[in-house]
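Let me begin by presenting the structure, written as structure tokens, before commenting on it.
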2 protein chains.
Amino acid sequence: MSAPAGRRGRRPGSSADTRLAILESARASFAERGYAGTTIRAVAGAAGVDAALVHHYFGSKDDLFLAALALPVDPRVVLAPALEGGIDGAAERFLRVFLSVWDDPEMQLPLLGLVRSVLDPGGVELLRSGFVPIILLPIGQALRIDHPEHRMPLLASQVIGLIMTRYVIRLEPIASMTADDVVATFAPTLQRYLAGDLPIEGD
Amino acid sequence: MSAPAGRRGRRPGSSADTRLAILESARASFAERGYAGTTIRAVAGAAGVDAALVHHYFGSKDDLFLAALALPVDPRVVLAPALEGGIDGAAERFLRVFLSVWDDPEMQLPLLGLVRSVLDPGGVELLRSGFVPIILLPIGQALRIDHPEHRMPLLASQVIGLIMTRYVIRLEPIASMTADDVVATFAPTLQRYLAGDLPIEGD
DNA sequence: GTCTATAAATCGATAGAC
DNA sequence: GTCTATCGATTTATAGAC
């Protein structure tokens, strides 16, 4: 049953208010204590609700984290098709999904807002303890590459550089390159990071 | 202003005060109007001195820009040896100089300060209109690569990603890699951007 | 001193009552 | 929609064996 549109003045304790209270509490906690440092119980407590409610509204802790980040898309959903098909051509498939999201004008503003927040206090810790283990590593595991904890950060280094040059600094000619040229330019780099020869100990 | 009113050993209008006044005026102008938008005359005027004095203290506009950036080193100086020897191995030579500077603990704080200022208002414009033409392109020209205006930004994209992951986010294992491993990992990428096959029109 | 085993506490997540 | 109860897994702390 969906609520009738146009209804205002919800009573206290209704779903929208509770959901928002949880979300704000989560944002504050993630920003202050990082991903690992925030507990569902603490978020629930700060929002004045029970811990089970957090799961009821947001599912897992990972889902709550993604909701708190205000990502315009769920990377796990849009990337899912690119993760099938094995390691061959994985870099190109990844890049095409990446470009379809970042080149979408509607997505750019919220995404750029996220990028800027990385340099805020706690943003780095959030990236390291939250984004990496719940976004980056699962991608590597889905691709079944070896040493994902070593190779995915390398991929991240070039992707971050691409984000900075193409979307933040808008450095030419990268900023104006067609999607095909971006793929032709960067896919070989990413493919090598995913599956090429690298100095990895104990391999 | 850190100088107390009155005497400091030098009379008012002496070289140290004038130099500093020019430098602060230049910083304000570069930050507000970008590299191309600031003129030596305007900097001099805001500092209350003659334009010729700016050249007397700082040499060229490029030198003034570098001084205003408060770079702990002059990239043109430290990179000079790496630019000799032709294109073979240029990526590795570049990376070794890069690491010798960025891995120096004394350099990191001012360099990281610069990185953070990039996302401030005007910082992006400063990077695009200042850093690129007077730092990045001259490096490419010294290396005598073809299409430096196309290839150097590609190099920049991976170097920026390296800076972000190794020094800003401190993402493992990149943050703890030895210099040799950094070179072995990233030099092939940079070498391809400098001299490898790329989708460049009219080549 | 180092390692291992086990106990205690905490957390994420689910099921079901109201 | 909200909460109680509880499971299973992970982490932390402690104790004992070598």
Side-chain angles (χ1 to χ4, degrees), chain A residues 1-84 110-111 114 117-118 120-156 200-203, chain B residues 165 169-177:
Chain A
M1 295 298 182
S2 60
R7 177 77 82 93
R8 294 227 159 241
R10 303 174 189 279
R11 68 185 186 280
S14 76
S15 71
D17 290 338
T18 301
R19 217 190 107 96
L20 202 63
I22 294 173
L23 199 55
E24 289 178 355
S25 168
R27 269 198 259 265
S29 181
F30 282 131
E32 187 178 350
R33 288 181 281 275
Y35 177 82
T38 95
T39 67
I40 299 283
R41 285 172 162 81
V43 169
V49 301
D50 188 85
L53 260 190
V54 178
H55 285 111
H56 177 253
Y57 281 117
F58 294 97
S60 70
K61 183 181 178 182
D62 289 1
D63 293 326
L64 177 63
F65 178 72
L66 291 178
L69 278 186
L71 275 177
V73 293
D74 187 332
R76 302 169 303 185
V77 173
V78 295
L79 278 173
L83 303 184
E84 300 166 1
L111 289 172
L114 267 184
S117 72
V118 166
D120 289 348
V124 165
E125 167 62 22
L126 213 57
L127 202 62
R128 208 186 305 125
S129 83
F131 195 83
V132 170
I134 81 177
I135 306 288
L136 205 59
L137 286 186
I139 295 174
Q141 288 159 356
L143 286 173
R144 309 190 64 96
I145 63 179
D146 52 17
H147 301 284
E149 74 290 344
H150 185 111
R151 310 186 89 115
M152 292 306 294
L154 299 181
L155 177 134
I200 300 180
E201 72 287 359
D203 192 10
Chain B
T165 48
I169 307 172
R170 289 189 217 278
L171 184 60
E172 295 299 349
I174 299 178
S176 300
M177 278 171 88

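Letters go in sequence order (proteins before strands), and every chain restarts at 1. Because only heavy atoms are used, hydrogens play no part in the values below, and waters and symmetry mates are left out as well, while side chains stay in.
Comparing D:dC3, D:dG1, C:dT14 by their closest approach to the side chain of A:H56 singles out D:dG1. The side chain of A:T39 lies closest to C:dC11, out of C:dC11, D:dC3, D:dT2. When distances are taken from the side chain of A:A52 to each of D:dT4, C:dG12, D:dG1, the shortest belongs to D:dT4.
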Audit row: A:R128, A:E125, salt bridge (charged side-chain N to carboxylate O under 4.0 Å, His left out) steps and yes/no:
CA-CA 5 Å; A:R128 208 186 305 125; A:E125 167 62 22; 3.1 Å; yes
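Rounded to an integer number of Å, the gap from CG of A:D17 to P of D:dT2 is 10 Å. One can place CG of A:D50 at 13 Å from C1' of C:dA17, the figure rounded to the nearest angstrom. A:I22 has its CD1 atom 11 Å from the P atom of D:dG1, to the nearest Å. Between the CG atom of A:D63 and the P atom of C:dG12 there is a distance of 13 Å, rounded to whole Å. Counting to the nearest Å, the C1' atom of C:dG12 and the CD1 atom of A:I134 are 14 Å from each other. In this structure, A:F65 atom CZ and C:dA13 atom C1' are separated by 19 Å, rounded to whole Å. Here the C1' atom of nucleotide D:dG8 and the NE2 atom of A:H55 are 13 Å apart, to the nearest Å. The distance from atom CG of A:L53 to atom P of D:dT2 is 5 Å, rounded to the nearest whole Å.
Within the structure, a side-chain polar atom (N or O) of A:T18 is placed less than 4.0 Å from OP1 or OP2 of D:dT2.
Taking OG of A:S29 as the start and CD1 of A:I40 as the end, the distance is 9.5 Å to the nearest 0.5 Å.
By the 6.0 Å contact criterion, CZ on A:R33 is enclosed, its count of non-hydrogen atoms from other residues, nucleotides or ligands being greater than 12.
In this model, no donor atom of one side chain and acceptor atom of the other lie less than 3.5 Å apart for A:Y57 and A:D63.
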